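Just so you know, these numbers use all the heavy atoms, side chains as well, and skip hydrogens, waters and symmetry mates. Just so we're clear, the structure is a prediction, and the values are computed from it rather than from any experiment.
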Amino acid sequence: MTSVITLLTDYGLEDGYVAACHGVIAGIAPTVRVIDVCHVVPSGDVRRGAAILAQTIPYLPRGVHIGAVDPGAGGARRAVAVEAGGRVFIGPDNGLLSWAVHASGGVRAAYEISNEEHFLRPVSPTFHGRDVYSPVAARLCVGLKPADLGPELPASRLVSLPEPTSVLREGAVEGEVVSVDRYGNTQLSITAGDLETLGVRVGAMLGVRLGRRQLSMPYRETFAAVPPGELVAFADSAGLIAFAVNSGDAAQRLGLPPGAHVRIAPSL
C-alpha cells in the first residue's frame with residue numbers, strides 16, 4: 001500500500017483533463033497525495049515526457065507513477081504496469097516509462113492492464129488517463145496487487161526508447177540532443193564527466209560541431225555567467241551538458257531538435 005501517486009501528462013492546463021484525473025483518484029483513495037510532475041509536455045512528445053520522468057524520479061517518493069503521453073491513444077497499443085525499484089509505473093506501452101524504469105533499477109515485473117473491473121465505465125478510447133490509469137493507480141494505493149491487473153509480460157516485450165548515449169573518440173565527445181525545455185535550453189546526452197575526461201573544466205572554451213556548422217562556446221557554471229543574448233554551455237541539474245542563451249532561446253538560435261547530433265571538443 002502506498003500513499004503517493006504522481007502524474008505526468010501532455011494534457012495541458014487550459015482544460016479540465018488533469019482535474020478529472022485528480023477527481024477519480026480522490027473518489028477511490030481520498031487520503032492519497034497526488035504530485036503533479038508536469039502537464040505541459042509537448043503534445044504527443046513521448047521522448048520529452050520520458051526525459052522529464054526519468055530525471056525527476058530520483059527525487060519523488062516511492063509510489064505509483066502515471067505517465068500519459070500517448071499519440072497512439074485509441075489504437076492497438078496496450079496499457080502496462082511496471083514494477084521497478086519499489087515503484088509501480090503505469091501508462092501506455094510506447095516507451096514513455098522506459099527511461100524512468102531504467103533509472104529505478106530496471107524491470108522487476110510487468111503486467112498488461114486488461115482487467116476491466118478496475119476501470120471506470122464506460123472507458124473513453126481517448127482518455128485512458130482518467131478511465132484506466134487513474135482508477136488503477138488509486139486502487140493500487142488501497143490494496144490492489146499489480147498481478148491482479150492482467151497477464152504478466154516479459155520485460156523483453158515492453159517497448160523501450162533507445163537510451164541517449166555519448167561516445168568519446170579522437171579527443172572529442174559525441175552525443176545527441178535529449179530534450180528542449182520551455183526556455184529553449186537544449187539538453188544533451190553528453191555529461192559533465194565526459195568533458196572532465198577530455199580535460200575540460202568550467203571556464204574553458206568549447207569547440208562545438210553541429211552538422212556542418214562549427215562554433216566556439218564558453219563553458220560556464222550557469223547561463224547567467226555570459227552577457228544577455230550570448231550562447232553558453234553549462235552542466236544542468238541532471239549533470240548533463242546543456243546549451244542556453246542568456247535571456248534567449250538556444251534551441252531556436254541553433255535549430256537543434258531532439259535527436260540532433262552534437263560533437264564537442266576542447267577549443268584550440
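- Checked against side chain to side chain donor-acceptor pair (under 3.5 Å), R48 has the following partners two or more places apart in sequence or in another chain: S179.
- Two residues are said to be in side-chain contact when any heavy atoms from C-beta on lie closer than 4.5 Å; C141 and V64 meet this criterion.
- R157 places a side-chain heavy atom less than 4.5 Å from the side chain of R78.
- Between A51 and V178, the shortest heavy-atom distance links the atoms CB-CG1, 4.0 Å.
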| Y17 and F127: ring pair (Phe, Tyr, Trp, His ring centres under 6.0 Å), yes or no, with the steps? | CA-CA 9 Å; Y17 303 132; F127 200 177; 5.5 Å; yes

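- Residues A103 and A54 share a closest heavy-atom pair of CB-O, 4.2 Å.
- Judged purely by distance below 3.5 Å, without hydrogens or angles, the side chains of H128 and R77 pair a donor atom with an acceptor atom.
- Looking only at atom types and distance, the side chain of D131 has no donor-acceptor partner in the side chain of S124 under 3.5 Å away.
- Side-chain heavy atoms closer than 4.5 Å link hydrophobic residues (I, L, V, M, F, W, Y) into clusters, and following such links, even through other members, never connects V34 to V37.
- A donor-acceptor contact shorter than 3.5 Å is absent between the side chain of R130 and the backbone of P135.
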| said: I'd like to know whether V41 forms a side-chain contact (heavy atoms from CB on, under 4.5 Å) with T9, so could you lay out the CA-CA distance, the side-chain angles of the two residues, the decisive distance to 0.1 Å, and finally the verdict. | reply: CA-CA 6 Å; V41 175; T9 78; over 6 Å; no

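- Distance CD1/I190 to CZ/R263: 10.0 Å, rounded to 0.5 Å.
- Atoms CG and CD1, on L97 and I57 in that order, are 10.0 Å from each other to the nearest 0.5 Å.
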| V159 and S98: CA distance, side-chain angles, deciding distance, side-chain contact (heavy atoms from CB on, under 4.5 Å) verdict | CA-CA 7 Å; V159 175; S98 60; over 6 Å; no

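- Distance alone, capped at 3.5 Å, is enough to place a donor-acceptor pair between the R220 side chain and the G203 backbone.
- Among all heavy-atom pairs drawn from S216 and S267, the shortest one is OG-OG, 3.8 Å.
- Applying the 6.0 Å contact sphere to NE2 of H102 captures no more than 12 heavy atoms from other residues, nucleotides or ligands.
- Put simply, CG on L149 and CD on E152 are 12.0 Å apart, with the number rounded to the nearest 0.5 Å.
- The minimum heavy-atom distance linking V200 with P266 is given by the pair CG2-CG, 3.7 Å.
- A side-chain donor from one of D236 and Q187 sits under 3.5 Å from a side-chain acceptor of the other.
- Side-chain atoms of L240 and L188, non-hydrogen and from C-beta on, never get closer than 4.5 Å to each other.
- The distance from atom CZ of R62 to atom OG1 of T6, rounded to the nearest 0.5 Å, is 14.0 Å.
- Using a 4.5 Å cut-off between side-chain heavy atoms of Ile, Leu, Val, Met, Phe, Trp and Tyr, with links allowed through other members, V177 and V208 fall into the same hydrophobic cluster.
- At least one donor-acceptor pair under 3.5 Å links the side chain of D10 to the backbone N or O of G44.
- A donor and an acceptor atom, one from each side chain of T191 and D194, are located under 3.5 Å apart.
- In R213, the CZ atom is crowded: over 12 heavy atoms of neighbouring residues, nucleotides or ligands sit closer than 6.0 Å.
- Of the possible donor and acceptor atoms, one in the side chain of W99 sits under 3.5 Å from a partner among the backbone N and O of L161.
- The closest donor-acceptor contact from the side chain of S160 to the backbone of G95 lies at 3.5 Å or more, if one exists at all.
- Nearest approach of A138 to A29, heavy atoms of both residues: O-CB, 3.9 Å.
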| task | Determine, step by step, whether M217 and M205 satisfy the side-chain contact (heavy atoms from CB on, under 4.5 Å) criterion, reporting the C-alpha distance in whole Å, the side-chain angles of both residues, the deciding distance to 0.1 Å, and the verdict. | result | CA-CA 6 Å; M217 192 180 301; M205 295 297 294; 5.6 Å; no

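- For N94 (side chain) and L96 (main-chain N/O), a donor-acceptor pair under 3.5 Å exists by modelled atom type.
- A donor-acceptor pair under 3.5 Å links the side-chain atoms of S189 to the main chain of T165, judged by distance alone.
- Within 6.0 Å of atom CD in E170, 12 or fewer heavy atoms from other residues, nucleotides or ligands are found, so the atom counts as exposed in its surroundings.
- In this structure, I52 is a member of the same hydrophobic cluster as V82, with clusters built from ILVMFWY side-chain heavy atoms closer than 4.5 Å.
- Nearest heavy atoms, F234 versus A244: CE2-CB, 3.6 Å.
- Side-chain contact check for I35 versus P61: some heavy-atom pair is nearer than 4.5 Å.
- Counting non-hydrogen atoms of other residues, nucleotides and ligands closer than 6.0 Å to CZ of R201 gives a total above 12.
- In this structure the side chain of N185 never reaches within 4.5 angstrom of the side chain of V245, judged on heavy atoms.
- Residues Y133 and L7 form no side-chain contact, since every pair of their non-hydrogen atoms from C-beta on lies 4.5 Å or further apart.
- For the residue pair H118 / D148, no side-chain donor-acceptor distance below 3.5 Å is found, with atom types taken as modelled.
- Atom OG of S134 is separated from atom CD1 of I25 by 4.0 Å, given to the nearest 0.5 angstrom.
- Atom CD of Q252 has 12 or fewer neighbouring heavy atoms from other residues, nucleotides or ligands inside a 6.0 Å radius.
- In summary, the aromatic rings of Y11 and H39 are positioned with their centroids too far apart to meet the 6.0 Å limit.
- Taking E174 as the reference, R169, H261 meet the side chain to side chain donor-acceptor pair (under 3.5 Å) condition, with sequence neighbours excluded.
- Under the 4.5 Å side-chain heavy-atom criterion for grouping Ile, Leu, Val, Met, Phe, Trp and Tyr, L120 is not connected to V18 through any hydrophobic cluster.
- Aromatic pair F223/F243: ring centres not closer than 6.0 Å.
- Within the 4.5 Å cutoff, the side chain of I241 has heavy atoms near those of the Y219 side chain.
- Residue Q214 places its CD atom among more than 12 non-hydrogen atoms of other residues, nucleotides or ligands, all under 6.0 Å distant.
- Between the N246 side chain and the V226 main chain, a donor and an acceptor come within less than 3.5 Å of each other.
- Side-chain contact between L140 and P146 is present, with heavy atoms from C-beta onward closer than 4.5 Å.
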| task | Evaluate the side-chain contact (heavy atoms from CB on, under 4.5 Å) criterion for residues L153 and V80: first the C-alpha distance (whole Å), next the side-chain angles of each, then the deciding distance (0.1 Å), finally the verdict. | result | CA-CA 9 Å; L153 296 168; V80 294; 3.8 Å; yes

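- Taking OG of S166 as the reference point, atom CD of E176 lies at 9.5 Å (rounded to 0.5 Å).
- Grouping the Ile, Leu, Val, Met, Phe, Trp and Tyr side chains by contacts below 4.5 angstrom, directly or via other members, places L206 with L168.
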